[in-house]
Structure formats: C-alpha cells, structure tokens
Amino acid sequence: MKCKFCGCTESKVIDSRTNEDSTSVRRRRECMNCGRRFTTFEEYETIPVLVVKTNGDRQPFDREKIRKGIIKACEKRPVTFAQIETMVTEIEKEVNNRLEPEIKSSEIGELVMSAIKGVDEVAYIRFASVYRQFKDVSNFIDLLNDFKKDIEKNQKD
C-alpha cells in the first residue's frame with residue numbers, strides 16, 4: 001500500500017477491524033519510511049449486476065434505489081432505519097449471490113415486497129400498490145385477501 005504522505009510502498013498493519021456485516025476490513029497502517037499513519041479499507045470485489053427493466057433497458061443495480069423505495073413505503077410507520085438497512089443489505093446479498101450478470105426488475109420488486117412484508121404490513125400494502133400499479137380498489141381487495149390467507153396459514157403452521 002502506497003503511503004499517501006511520502007509515496008513509499010512499504011508499510012505495516014497496526015490494527016485491523018471488520019465492519020458490522022463483515023463485508024469490508026478497516027486497516028490502520030504505519031509507513032516504514034516517514035512513520036506517519038493512515039487508514040485503508042478493503043472490500044470484496046463484486047461483479048456488477050445489470051437490472052433488466054420491463055422495456056428491455058439495462059442499468060446497473062443500485063442499492064440506493066431499493067433504499068429509497070423502502071423508505072417511501074415505510075414513511076410514518078414504526079420502522080427503524082436499522083430495519084431498512086437490514087432489508088436493503090439482505091436484498092443486495094440475494095441479488096449478488098445469484099452469480100448472474102443480469103436480474104429482472106420484477107424479481108427485485110418481489111424481493112423487496114417479501115422483505116417489507118415481514119417488517120410492516122401497511123408498508124407492504126403501500127409498496128405493493130405502487131409496484132403492481134393498482135388501477136382500482138379491487139386490486140387492493142385481492143392483495144388484502146391474499147395477505148389474510150398467508151397470515152392464517154402461518155398461524156396454523
């Protein structure tokens with residue numbers, strides 16, 4: 001690692017720590033030439049995933065879009081930022097673990113719906129109404145009936 005102060009390529013690691021979800025490592029280093037200390041971060045190399053939109057366009061996967069959609073659905077609901085971050089991280093892991101260079105936007109939408117469903121029922125309905133582009137009340141009623149059946153099934157199990 002090149003020292004940012006003197007440019008020397010010799011340094012020693014003084015301290016290493018992983019972040020909370022163990023996806024990167026923070027290292028404190030000391031330059032062997034000038035003795036100054038600096039911090040570096042190491043992350044896994046990831047293969048970029050392209051999202052295939054319904055019209056066929058492709059764009060890079062963006063966890064920020066997922067976060068914004070979940071935040072919007074959870075607005076004025078008792079959902080913490082930590083819960084939102086957990087959902088976003090789990091969805092991103094699921095997308096990356098598929099080891100495929102492309103994923104349909106509809107698959108991502110289903111992952112988001114599944115994640116929200118387990119956290120807040122109202123946020124789930126909000127997200128579903130936008131994601132599935134409800135046209136009238138009957139769409140809401142159908143979704144609510146399906147949701148009610150899922151709840152009853154889970155209570156029996």
Side-chain angles (χ1 to χ4, degrees), residues 1-134 143 146-147 150-151 154:
M1 184 57 61
K2 191 175 184 179
C3 174
K4 69 179 191 173
F5 302 107
C6 71
C8 179
T9 57
E10 299 293 322
S11 65
K12 66 179 178 180
V13 176
I14 297 170
D15 182 42
S16 292
R17 297 180 188 180
T18 59
N19 68 351
E20 289 179 9
D21 60 356
S22 300
T23 59
S24 67
V25 178
R26 176 186 181 271
R27 299 194 193 281
R28 282 296 286 163
R29 297 178 178 270
E30 184 177 317
C31 177
M32 299 301 285
N33 183 47
C34 67
R36 295 181 76 178
R37 293 182 177 186
F38 55 98
T39 302
T40 60
F41 292 90
E42 294 178 20
E43 293 182 341
Y44 294 111
E45 183 177 22
T46 58
I47 299 168
V49 176
L50 294 178
V51 177
V52 181
K53 308 294 271 181
T54 53
N55 66 2
D57 288 349
R58 286 165 171 72
Q59 57 185 236
F61 175 80
D62 183 3
R63 72 178 272 133
E64 191 58 34
K65 282 187 174 185
I66 305 296
R67 180 185 293 117
K68 286 178 183 177
I70 293 174
I71 287 172
K72 189 71 173 168
C74 296
E75 213 169 73
K76 298 182 182 179
R77 299 295 307 153
V79 179
T80 66
F81 188 74
Q83 288 174 301
I84 292 170
E85 279 304 304
T86 299
M87 286 187 273
V88 173
T89 300
E90 290 301 315
I91 292 164
E92 184 178 37
K93 280 182 190 176
E94 176 70 28
V95 169
N96 288 326
N97 286 343
R98 292 178 182 216
L99 301 174
E100 295 176 16
E102 296 182 341
I103 185 170
K104 292 180 181 179
S105 60
S106 59
E107 292 177 60
I108 294 174
E110 293 299 324
L111 290 172
V112 173
M113 283 186 49
S114 177
I116 294 175
K117 189 176 188 178
V119 174
D120 187 89
E121 297 170 354
V122 173
Y124 168 73
I125 300 298
R126 283 180 182 168
F127 186 86
S129 69
V130 174
Y131 169 66
R132 293 206 174 139
Q133 300 176 347
F134 288 177
L143 180 70
D146 290 343
F147 190 57
D150 286 346
I151 290 171
N154 289 337

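The figures that follow rest on heavy atoms only: side chains count, while hydrogens, waters and symmetry mates do not.
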Colleague: Can you measure from CZ (Arg63) to CD1 (Ile91) and round to the nearest 0.5 angstrom?
Modeller: 9.5 Å
Colleague: Indicate the atoms forming the closest heavy-atom contact of Glu100 with Val49, along with that distance.
Modeller: O-CG2, 4.0 Å
Colleague: Evaluate the criterion side-chain contact (heavy atoms from CB on, under 4.5 Å) for residue pair Glu64 and Lys68; output intermediate values, then yes/no.
Modeller: CA-CA 6 Å; Glu64 191 58 34; Lys68 286 178 183 177; 3.9 Å; yes
Colleague: Does the pair Phe41 and Asn19 meet the rule for a side-chain contact (heavy atoms from CB on, under 4.5 Å), with working shown?
Modeller: CA-CA 10 Å; Phe41 292 90; Asn19 68 351; over 6 Å; no
Colleague: Quick one: do Ile108 and Lys65 satisfy side-chain contact (heavy atoms from CB on, under 4.5 Å)? Show the steps, please.
Modeller: CA-CA 11 Å; Ile108 294 174; Lys65 282 187 174 185; over 6 Å; no
Colleague: Arg58 side chain to Gly56 main-chain N or O, any donor-acceptor pair under 3.5 Å?
Modeller: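 Confirmed, Arg58 side chain pairs with Gly56 backbone.
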Colleague: Measure the shortest side-chain to side-chain distance between Pro60 and Pro48 over non-hydrogen atoms and say whether it is less than 4.5 angstrom.
Modeller: no
Colleague: First locate atom CZ of Arg29, then atom CD of Glu10, and finally report the distance between them rounded to the nearest 0.5 Å.
Modeller: 11.0 Å
Colleague: Can you tell me which residue among Ile70, Ile116, Asp120 is in a side chain to side chain contact (heavy atoms under 4.5 Å, CB included) with Phe127?
Modeller: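 The side chain to side chain contact (heavy atoms under 4.5 Å, CB included) with Phe127 is passed solely by Ile116 among Ile70, Ile116, Asp120.
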Colleague: More than 12 non-hydrogen atoms from neighbouring residues, nucleotides or ligands closer than 6.0 Å to CD on Gln59, yes or no?
Modeller: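 Atom CD in Gln59 is crowded, with more than 12 foreign heavy atoms closer than 6.0 Å.
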Colleague: Looking at Glu94 and Arg98, is any side-chain nitrogen of the basic one under 4.0 Å from a carboxylate oxygen of the acidic one?
Modeller: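 Here Arg98 pairs with Glu94 in a salt bridge, since their nearest N and O are under 4.0 Å apart.
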Colleague: How far apart are the C-alpha atoms of Glu102 and Glu107, what are their side-chain angles, what is the distance that settles it, and do they pass the side-chain contact (heavy atoms from CB on, under 4.5 Å) test?
Modeller: CA-CA 11 Å; Glu102 296 182 341; Glu107 292 177 60; over 6 Å; no
Colleague: Is the side chain of Ser114 donor-acceptor paired with the backbone N or O of Glu110 at a distance under 3.5 Å, no angle test?
Modeller: no
Colleague: How long is the straight-line distance from NZ of Lys53 back to OG of Ser106, given to the nearest 0.5 Å?
Modeller: 10.5 Å
Colleague: Say you draw a straight line from CD1 of Ile14 to CD of Glu30; how long is it, rounded to the nearest 0.5 Å?
Modeller: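 That separation rounds to 4.0 Å.
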Colleague: Is a donor on one side and an acceptor on the other found under 3.5 Å between the side chain of Tyr124 and the backbone of Val119?
Modeller: no
Colleague: Tell me the closest heavy-atom pair linking Cys34 and Phe5, and the distance in Å.
Modeller: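 Nearest pair, atom of Cys34 first, then Phe5: SG-CB, 4.3 Å.
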Colleague: Show the nearest heavy-atom pair for residues Phe61 and Val95, with the distance to one decimal.
Modeller: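 For Phe61 and Val95, the tightest heavy-atom pair comes out as CE1-CG2, 4.0 Å.
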Colleague: More than 12 heavy atoms of other residues, nucleotides or ligands under 6.0 Å from CZ of Arg36: is that the case?
Modeller: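 Atom CZ in Arg36 is not packed in, count stays at 12 or less.
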Colleague: For Cys74 and Arg126, which heavy atoms make the closest approach, and how far apart are they?
Modeller: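 That would be C-NH1, 4.0 Å.
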Colleague: If you define the side chain from C-beta out and look only at heavy atoms, does anything of Thr54 sit under 4.5 Å from Ser105?
Modeller: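 Yes; the side chains approach each other to less than 4.5 Å.
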Colleague: How far does CD of Glu92 sit from CG of Leu111, to the nearest 0.5 angstrom?
Modeller: 12.0 Å
Colleague: Check whether any side-chain heavy atom of Val112 lies under 4.5 Å from a side-chain heavy atom of Met87, and answer yes or no.
Modeller: no
Colleague: Any side-chain heavy atom of Ile84 within less than 4.5 Å of one from Arg67?
Modeller: yes
Colleague: If you measure from NZ on Lys2 to OG1 on Thr9, what distance do you get to the nearest 0.5 Å?
Modeller: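 It comes to 8.5 Å.
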Colleague: Closest heavy-atom contact between Ala128 and Met113?
Modeller: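 Reported closest heavy-atom pair: CB-CE, 3.8 Å.
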Colleague: Search all heavy atoms of Cys31 against all heavy atoms of Cys8 and return the closest pair with its distance.
Modeller: SG-CB, 3.8 Å
